[in-house]
Amino acid sequence: MQYRKLSLLITASLGIAASLIPAFPVRAGSTDVQPAADVRPVRRDAPGLSAPAALPPAQVKEALDAYSHWLDIVAQRNEVAGLATAVVVDNKVAFERTLGYADANTQEPITPTTVFRLASLSKAFATAVTGLLIDEGRFSWNTKLADALPFFQLKDAQASGEVTVRDILGQRLGLPHNTYDQMLEDNVPYEELVRKLDEVTLTCNVGECYGYQNVAFSLIGDLIYAETGDFFYHQVDRRIFFPLGMTTASYGREALESSKSWARPHRPHGAHAWESFDPKEAYYRVAPAAGVNASLRDMEQWLIAQMGGRPDVLPQTLLDQLHAPGVLTPGEMHATPWRHARVTAASYALGWRVFTYGGETMVFHAGAVEGYRTMIAFFPKYRVGIVSMWNSPGAVGTDLMPMVFDAMLGLPHVDWAGVESDPPATRATAVKARHKTRRRGG
């Protein structure tokens, strides 16, 4: 294990080692133009569950075949530096694919065990470990931050005493969106930023409105240390990474760069190429909000667990808490064309977004830091979900997701990702057209 400073009370970064995941057969005949693209429809059983509502098998197969075709186009157009994606159906990995490069400069290929930065997908690990500690009676969702962390203060003294664990993890603290993220990116230490929260005018009363946070969200790491005497990321390792077999998951930049295979961040380099660069440190300093690294194989296990397939690790009663809609986020219904067309209600839960998508409940989150994009989404009713990670800007991975779900749910087909139209003249145009990168969360 490797250790390093992460925050005021979180002083290390952890490389994870656990039982090995078995290998699975490869389907031959990938049509990718980039080397080592990996198309692997596999069936991986999880512990037993009650039967979910069933999607028509032929419809699911058609959707997965279409997804493979769309990914062929993404590869042919070189729209991403590298990408890893999987689809889980009824607690089995039904589709797994990688394409492109972990490092375009060396042409090292992406594999299912290549480690990516998860960015804001990290938040769900923080809320899950918090829930497990609450289930043990260590504290509660209504524990007041000020009682555990004497340094915690907001500008309104009365509000300071009202803030609960649920408020910070449910993004309803009353602070303006992304408070101090710009200063974090300018390398102001987390320790200083959390002590400056008392300088910020609240936009609403605590608990009454949505304001997406990274710095304030990460106070959960300090609270867990104060309540347990153990580091936050140790708890995630012991309670989540190890029991789920997330053997390449870790926290921090040093752990990322120590991985056997890890995806470098990339930027466009001319019209038809990518160049890699060194990862930035800033958001690793807010580890609960954005500190996790993981591979596709890790995230397949995480997705299965989030859909109820590992009740030994994440009980259904806890999942119900984590996924319960909380504060309303109406602006999220119009953030992209597919949301505008498909999403009729939007809320923030605990480290997750909850959408009504085509009349069904979708649990979703996206993440972005410079040179990395991630997304995860699933329908609890059908236990079907997708996870994607890519190491370059642009939203193509996120925009392919609703195309797959539309096909599975029998909704009208729309080319949300622009893969069926003529490509833009240059990649810079393509990236711009795929929506502006949301560097500060999903």
Side-chain angles (χ1 to χ4, degrees), residues 52-53 55 59-60 63 66-67 70 85 87-89 119-121 123-124 127 169-172 177-178 208-213 303 306-307 319-368 373-390 394-421 433-442:
L55 291 170
Q59 210 159 274
V60 172
Y67 192 25
W70 297 326
T85 186
V87 180
V88 172
V89 180
S120 285
L121 268 57
K123 292 179 172 67
T127 60
L169 298 185
Q171 304 286 19
R172 58 184 204 184
H177 291 285
N178 301 103
E208 291 185 359
C209 70
Y210 167 71
Y212 191 86
Q213 307 298 322
L303 183 53
Q306 284 291 330
M307 292 194 290
L319 296 176
D320 292 343
Q321 286 265 3
L322 299 177
H323 304 157
V327 64
L328 296 176
T329 59
E332 293 297 315
M333 293 188 288
H334 309 290
T336 63
W338 65 262
R339 294 193 202 189
H340 183 77
R342 295 281 187 255
V343 176
T344 55
S347 302
Y348 203 88
L350 295 170
W352 292 97
R353 299 191 185 282
V354 183
F355 296 152
T356 300
Y357 182 102
E360 303 282 2
T361 298
M362 173 198 280
V363 181
F364 170 89
H365 216 285
R373 296 291 298 265
T374 56
M375 63 75 49
I376 187 169
F378 60 93
F379 290 89
K381 176 179 176 180
Y382 300 109
R383 294 197 178 110
V384 59
I386 302 176
V387 59
S388 297
M389 303 174 287
W390 58 108
V396 65
T398 306
D399 292 342
L400 284 168
M401 174 271 294
M403 296 173 67
V404 178
F405 283 149
D406 285 355
M408 288 186 175
L409 297 173
L411 296 173
H413 173 67
V414 179
D415 181 15
W416 302 117
V419 292
E420 297 174 342
S421 57
R434 296 288 188 274
H435 319 303
K436 197 173 181 179
T437 296
R438 304 177 73 184
R439 294 174 58 195
R440 300 172 186 163

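Residue numbers count from 1 along this sequence. These numbers come from the heavy atoms of this one structure, side chains and all, not from hydrogens, waters or symmetry mates.
Put simply, CG on Asp399 and CH2 on Trp70 are 12.0 Å apart, with the number rounded to the nearest 0.5 Å. Going from atom CE of Met401 over to atom OH of Tyr67 covers 9.5 Å, rounded to the nearest 0.5 Å. With rounding to the nearest 0.5 angstrom, the CZ atom of Arg339 is 4.0 Å from the CZ atom of Phe355. Taken to the nearest 0.5 Å, the OG1 atom of Thr329 stands 13.5 Å off from the CZ atom of Arg172. Between the CE atom in Met362 and the CG atom in Leu409 there is a gap of 8.0 Å [rounded to 0.5 Å]. A distance of 11.5 Å separates CD in Gln321 from CG in Leu169, rounded to the nearest 0.5 Å.
Between Arg342 and Val414, the closest side-chain pair of non-hydrogen atoms falls below 4.5 Å. Annotation: side chain of Phe364 is in contact with side chain of Thr398 (closest heavy-atom distance under 4.5 Å). Residues Tyr212 and Lys123 are in side-chain contact: their nearest non-hydrogen atoms beyond the backbone lie under 4.5 Å apart. Contact annotation: the side chain of Val404 approaches that of Ile386 to within less than 4.5 Å [non-hydrogen atoms, C-beta and beyond].
In this structure, Tyr357 and Trp338 have tilted ring planes: the angle between them lies in the 30° to 60° band. Using cut-offs of 30° and 60° for the angle between ring planes, the Tyr348 and His365 rings count as perpendicular.
When all heavy atoms of Leu411 and Gly358 are compared, the pair lying nearest together is CD1-CA, 4.2 Å. Taking every heavy atom of both residues into account, Ser347 and Gly326 meet most closely at CB-N, 3.9 Å. Residues Leu121 and Ala366 share a closest heavy-atom pair of CD1-C, 3.5 Å. Among all heavy-atom pairs drawn from Ala63 and Ala407, the shortest one is CB-CB, 3.6 Å. The heavy-atom pair separating Val327 from Cys209 by the smallest distance is CG2-C, 3.6 Å.
A distance-only check finds a donor-acceptor pair linking the side chain of Thr127 to the backbone of Leu350 [under 3.5 Å]. Under the 3.5 Å distance criterion, the side-chain polar atoms of Arg383 are matched with a main-chain donor or acceptor of Met307. A donor-acceptor pair is defined here as one N or O able to donate and one able to accept, closer than 3.5 Å; such a pair exists between the side chain of Thr85 and the backbone of Val387. Remark: the backbone N or O of Ala346 is not paired with any side-chain donor or acceptor of Arg353 at under 3.5 angstrom. Remark: the backbone N or O of Gln213 is paired with a side-chain donor or acceptor of Gln171 at under 3.5 angstrom.
Around the NE2 atom of His413, the shell of radius 6.0 Å holds more than 12 heavy atoms that belong to other residues, nucleotides or ligands.
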Practice task
Test side-chain contact (heavy atoms from CB on, under 4.5 Å) on Leu303 and Phe378 and set out the steps.
Solution key: CA-CA 8 Å; Leu303 183 53; Phe378 60 93; 3.8 Å; yes
Exercise for the section: Evaluate the side-chain contact (heavy atoms from CB on, under 4.5 Å) criterion for residues Met403 and Val419: first the C-alpha distance (whole Å), next the side-chain angles of each, then the deciding distance (0.1 Å), finally the verdict. Expected result: CA-CA 10 Å; Met403 296 173 67; Val419 292; 3.9 Å; yes
Exercise for the section: Take Tyr210 and His177 through the side-chain contact (heavy atoms from CB on, under 4.5 Å) test and state the conclusion after the steps. Expected result: CA-CA 8 Å; Tyr210 167 71; His177 291 285; 3.3 Å; yes
Practice task
List the steps and the verdict of side-chain contact (heavy atoms from CB on, under 4.5 Å) for Met408 and Gln59.
Solution key: CA-CA 6 Å; Met408 288 186 175; Gln59 210 159 274; 5.6 Å; no
Exercise for the section: Quick one: do Asp406 and Trp416 satisfy side-chain hydrogen bond (donor to acceptor under 3.5 Å, both in side chains)? Show the steps, please. Expected result: CA-CA 10 Å; Asp406 285 355; Trp416 302 117; 3.0 Å; yes
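Partners of Asp415 under the side-chain hydrogen bond (donor to acceptor under 3.5 Å, both in side chains) rule, at least two apart in sequence or in another chain, do not exist in this structure. Judged as a ring pair (Phe, Tyr, Trp, His ring centres under 6.0 Å), and not counting sequence neighbours, the contacts of Phe405 are Phe379.
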